[in-house]
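Along the sequence shown, the residues carry numbers beginning at 1.
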Amino acid sequence: MSKTAASLAPAADPSRWKALVFIALAQLMVVLDATIVNIALPSAQTDLGISDGNRQWVITAYALAFGGLLLFGGRIADKWGRKNAFVVGLIGFALASALGGAANGEAMMLGARALQGAFGALLAPAALSLLAVMFTDATERAKAFGIYGAIAGGGGAVGLILGGFLTEYLNWRWTFFVNIPFAIVAAVGAWMVIREPAGSRNRAPLDIPGVVLSTTGLVALVYGFTRAESAGWSDALTVTMFVASALLLAAFVLVESKVKSPLLPLRVLLERNRGGVYLSLGLAVISMFGLFLFLTYYLQVVKGFSPVKTGFAFLPMIAGMITGSTQIGARLMTRVPPRLLMGPGFLVAALGMLLLTQLEVGSSYPALILPAQLLLGLGMGTAFMPAMSLATHGVNPADAGVASAMVNTSQQVGGAIGTALLNTIAASATTAYLTDHAAEAAAGGPAGQLIQAQAMVEGYASAIWWAVGILVASSAIALALINTGRPGAGGPVASGSVEDAELKVPVIAH
């Protein structure tokens, strides 16, 4: 490192590892919430009298608020202070969770889910950007992002286990109430130990046109994909949402290129390494969300697993993600360029997904599903860790919040696309199979039930083939676009930031 850079770099925060504990706890709570409610939904729907047509809104209300407000939340964190945004986000999330757990009807439940999404959109980018500005040593940064990446990747599967336990042995309301102790511990701990580096705020005035255009554009996009799943791709409202989204987001880009203090400075998107991360990670999440959905239904409906047993069936994937992130990604990130972790990582995940294309009604869990999950977890964990770290690669410290929000946005939009796109493909393949075997299906009895199960599995396998292709595309994008060297080695440096050319992390001058 040069003497000039060394003199500019702040002393390492002695409380940074304690802070990581509370940041990771908050991230786990947010990621858990994306899947924990799925398992509880049938029970909640019955208790609250939610119609079949409206039950999707329990999931959609959260996704729309979270996905639509992330960029705004990231900029608020930059402007207001990441620690302040983090703690307020936690308190708000806890109150919204209490409201959801106490819901006495459909309106109260949907309102609580929207509030959870809104406070999650403040919390998530604040958490990631705190790591970016607190961990500036290359080796320590790799370890910190290894832990964060493992939680970001594996938290959804943990949610399935916890959701199964709480729903089966307590009550669906506990899938909301469980967030409250998480949030209180994380908020108190964060307030006591987090010391945000000086000079890292962005005190520029808020870009209100950018906030309005980005929020409405992202909400329209997420809702378009969500509606396509239930109403079809040619539905008039679905098409209207996609057209509106394209126009609003195009107007957003135009506004951001003109205003003095943009909500999302285009330099954040156009730097090739960050752009490569947002694109490859968004695509990878498409395949992951689809897989969670298919495997959950396959294990419960076809194999007859209970909710708790289904949750435990995802443990190999969690173990693979933790191993890939902390033992492979974190150890190698200071030795090899990030693209050589992300590219091969996505390919290993694609190999695991490829095994699942062989899924049949009588497939063995130990022989097929377990090794496939291990490969998926190892690959995703290895790729997620450098991806999370590179989300703020070369960015001005004052833009760290909005850069962090972009990686969350790519994941959220990817999840919405994955659920809708892959579910539509699976449903089409299932319908085609039933049409081809109409006579056997109409026979009823055990033979008819077997045809129904085979049709369902045929649909899953068809959609998983698409997921394989998407992961291969993620790998190719990561290898082609990401060209930064390993931390500690020379390499391309992003323009527009004061950056330590040796460590490849933002340098914050006091």
Interatomic distance, Leu248 atom CG to Thr215 atom OG1 [nearest 0.5 angstrom]: 10.5 Å
Pairing residues for Val21 by the side chain to side chain contact (heavy atoms under 4.5 Å, CB included) criterion, not counting sequence neighbours: none
Which residues share a ring pair (Phe, Tyr, Trp, His ring centres under 6.0 Å) with Phe66, sequence neighbours left out: Tyr62
Residue list, side chain to side chain donor-acceptor pair (under 3.5 Å) with Thr216, at least two apart or on another chain: none
Residues, nucleotides or ligands: over 12 heavy atoms within 6.0 Å of Met108 CE: yes
Residues that Arg173 engages under salt bridge (Lys or Arg N to Asp or Glu O under 4.0 Å), provided they are two or more places apart: none
Set of residues satisfying side chain to side chain contact (heavy atoms under 4.5 Å, CB included) with respect to Ser257, sequence neighbours excluded: Leu254, Leu266
Note, Leu90 side chain near Phe22 side chain (heavy atom, < 4.5 Å): no
Distance, nearest 0.5 Å, that separates CD1 of Ile23 from CG of Leu130: 4.5 Å
Residues that Ala349 engages under side chain to side chain contact (heavy atoms under 4.5 Å, CB included), provided they are two or more places apart: Leu376, Met380, Leu471
Heavy-atom pair with the smallest gap, counting every atom of Ala94 and Ala183: CB-CB, 3.6 Å
Nearest heavy-atom neighbours spanning Ala98 and Phe177: O-CE2, 3.8 Å
Close side-chain approach of Gln116 to Asn179, heavy-atom, < 4.5 Å: yes
Note, Phe252 side chain near Leu218 side chain (heavy atom, < 4.5 Å): no
For Ala220, side chain to side chain contact (heavy atoms under 4.5 Å, CB included) partners two or more places apart: Met241, Ser245
Heavy-atom side-chain proximity of Leu269 to Arg274 below 4.5 angstrom: no
Qualifying residues under side chain to side chain donor-acceptor pair (under 3.5 Å), relative to Ser214, sequence neighbours excluded: none
Non-hydrogen side-chain atoms of Leu95 and Leu99 separated by less than 4.5 Å: no
Any side-chain heavy-atom pair of Phe93 and Met29 under 4.5 Å: yes
With Trp466 via side chain to side chain donor-acceptor pair (under 3.5 Å) - residues at least two apart: none
Sequence-distant partners of Trp233, side chain to side chain donor-acceptor pair (under 3.5 Å), two or more places apart: Thr424
Side-chain heavy-atom pair Glu256, Asp207 within 4.5 angstrom cut-off: yes
Atom pair CG (Leu340) and CD1 (Ile482), whose distance is rounded to the nearest 0.5 Å: 10.5 Å
Asn273 backbone acceptor or donor facing Arg339 side chain under 3.5 Å: no
From Ser475 atom OG to Leu283 atom CG, the distance as rounded to the nearest 0.5 Å: 11.5 Å
Beyond-backbone contact of Phe176 with Met109, side-chain heavy atoms, under 4.5 angstrom: yes
Residue list, ring pair (Phe, Tyr, Trp, His ring centres under 6.0 Å) with Phe182, at least two apart or on another chain: none
Over 12 non-hydrogen atoms of neighbours within 6.0 angstrom of NZ in Lys18: no
Atom pair CG/CG of Leu213 and Leu249 - distance to nearest 0.5 Å: 8.5 Å
